[in-house]
Amino acid sequence: MNSLRESLGVAMDQFESTTCVVVGGGPAGVMLGLLLARAGLEVTVLEKHADFLRDFRGDTVHPSTIRLLDELGLGEGFRALPQSKLGNFKLPTGGNEVTLIDFDRLKPPYDYVAMVPQWDLLNFLVDAAREEPQFTIRMNTEATDLLYDDGGKVAGVAYRTWDAASGVETGTGELRATLTVACDGRSSVIRHKAGLIPREFPVPFDTWWFRLSRRADEQERLASIMPRFSGSDVLLSLTRKDFYQIAYIAEKGKDPQIRAEGVESFRARVARIRPDLADRVDEIGSMDDVHLLDVKLNRIKPWHKPGLLLIGDAAHAMSPAGGVGINLAIQDAVAAAQRIARPLLQGTLGEAELASVQKRRWFPTVVIQNMQLLIQKAVFSPAVKGQLAGPPGPLVFIARHVPWFRKLPALMIAFGPRPEHAPDFARRKTAATRKPA
């Protein structure tokens, strides 16, 4: 299949710079790089780390993303990655349980959430992108500032490079580009340098992630998720391939107190909430094994300036409720590629096209964030204050007596309010990826 560049008859000029520089090698950045490269655009992704091996990053891959990978011809390779499957979300109700989010009501094969180590997903996507001659990724390369042309338009980035072994800076440089896309997360350097300040929404809780082993007799083909409540503590466990990934949820700002109390106190806290895991809490060797996620919920407006576009967490940080942040960021990338590839190739890209990306993705962002705010108000805020011994009664009643209701949150989590499909220029029936070096 010809690239979009070839179909438009655009010459393959040699560039001293790059057409599009993507800052941040997370799921949104790498996906955008892959899609633009398949359009025939020269794209360079800058990633400040030497590799993707960082624990407790978002590992959920929702049906919207799995379907996208199928459309890109990458579904078979994705399903071969190490992964586990999460199914229905249940609520404990006085010794029983009720299903609130019913993935069984969705059509297969898009009826589950895959739990895939993010480094495996990113390496897989990078391997696929490297099959495209226009794709480049530079590791150990951190964007530090924006470049501007004489008219005040963003014209690329300044960067510095690092030696992975020593952590010593090895150089600096400038990479000029027609378009700069910030995908560098909720603490975005590019957003700060552009003078864009997000609107922050109050969040009453933080999350502490850790892992405990899972015995062979606890293996489940399609594991459900069910939170546990105890006083002002909430515990949520995600079933991974050979361990439990556990989130301890408590009042925001409590991290210094928790760490001061020490690991023995934390182990006892976990054992009290989950007595079935008391036999393995000693696997939490120290509080260094407990990783704080400072939960944020925010968004900027606008997402763009001349020559600059922000997507994903750089534009809108999501709460971990529903685990939808990564998948919304990937859908941002798809919407962006659909709207900017052709004008970038034709040299006609302007603010109208950048604004159209935000216009497309603003509605789902606001809808999901408002849903998360409602969940915070109804569940998390009273729970971390010790005012909620279990799930709200009206919610339990509806989930138990109105079966069709259980499909609605499943659809919202699985696909979001406005799911995206792969652009025609990026679709492949099959796509082989090279083996990692």
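Scored by the ring pair (Phe, Tyr, Trp, His ring centres under 6.0 Å) test, F78 finds no partners at all (sequence neighbours excluded).
Around the CD atom of E76, the shell of radius 6.0 Å holds no more than 12 heavy atoms that belong to other residues, nucleotides or ligands.
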For residues 405-416, tabulate all N or O donor-acceptor pairs below 3.5 Å that involve a side-chain atom, not counting sequence neighbours.
| unit_1 | atom_1 | unit_2 | atom_2 | d |
| --- | --- | --- | --- | --- |
| R406 | NH1 | A399 | O | 2.6 |

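A salt bridge is absent between D111 and K85; no separation between the charged side-chain nitrogens and carboxylate oxygens falls under 4.0 Å. Salt-bridge formation is not detected for the pair D332/R360: no Lys NZ or Arg NE/NH1/NH2 atom is positioned less than 4.0 Å from an Asp or Glu carboxylate oxygen. Between R215 and D279 there is a salt bridge, since a side-chain N of the basic residue sits under 4.0 Å from a carboxylate O of the acidic one.
Closest non-hydrogen pair, P320 versus L293, comes out as CG-CD2, 4.3 Å. A143 approaches L46 most closely through the heavy-atom pair CB-CD1, 4.4 Å. Closest non-hydrogen pair, K305 versus L354, comes out as O-CD1, 3.6 Å. Across every non-hydrogen atom of A39 and A341, the tightest pair is CB-CB, 4.0 Å. Residues A114 and I66 approach most closely at CB-CD1, 4.2 Å, considering heavy atoms. Y248 and I258 make their closest contact through CE2-CD1, 3.6 Å (heavy atoms, listed as atom of the first residue, atom of the second, distance).
To the nearest 0.5 Å, the span separating CZ on R228 from CD1 on I246 amounts to 10.5 Å. In this structure, the separation between OG on S84 and OH on Y112 is 10.5 Å, given to the nearest 0.5 Å. Rounding to the nearest 0.5 angstrom, the gap separating the CG atom in L147 from the NZ atom in K193 is 11.5 Å. Remark: I273 CD1 to S237 OG distance equals 11.5 Å, nearest 0.5 Å. Between the OG1 atom in T172 and the CD atom in E174 there is a gap of 8.5 Å [rounded to 0.5 Å]. Residue H62 holds its NE2 atom at 15.5 Å from OH of Y110, rounded to the nearest 0.5 Å.
No hydrogens or angles considered: nothing links the side chains of Q372 and Q376 as a donor-acceptor pair under 3.5 Å. In this model, no donor atom of one side chain and acceptor atom of the other lie less than 3.5 Å apart for D102 and T99. For T44 and T136, the side-chain atoms include no donor-acceptor pair closer than 3.5 Å.
Of the listed residues (R418, E420, H421, Q331), just one forms a side-chain hydrogen bond (donor to acceptor under 3.5 Å, both in side chains) with S64, and that residue is Q331. Partner of W162 under the side-chain hydrogen bond (donor to acceptor under 3.5 Å, both in side chains) criterion, out of H49, E169, E142: E142 alone.
Contact check for R361 versus H316: no side-chain heavy atoms found under the 4.5 Å cut-off. L125 is not listed as a side-chain neighbour of P27, based on a closest heavy-atom distance of 4.5 Å or more. Contact check for L100 versus F89: side-chain heavy atoms found under the 4.5 Å cut-off. The side-chain heavy atoms of W303 and L196, taken from C-beta on, include no pair separated by under 4.5 Å.
Taking the ring axis of Y159 as reference, the NZ or CZ atom of R138 stays within 45° of it and closer than 6.0 Å to the ring centre. With W208 as the aromatic partner, K254 does not meet the cation-pi criteria of under 6.0 angstrom to the ring centre and within 45 degrees of the ring axis.
Without hydrogens or angle criteria, Q369 side chain to N298 main chain gives a donor-acceptor distance under 3.5 Å. Under a 3.5 Å cut-off, the side chain of T141 and the backbone N or O of M139 do form a donor-acceptor pair.
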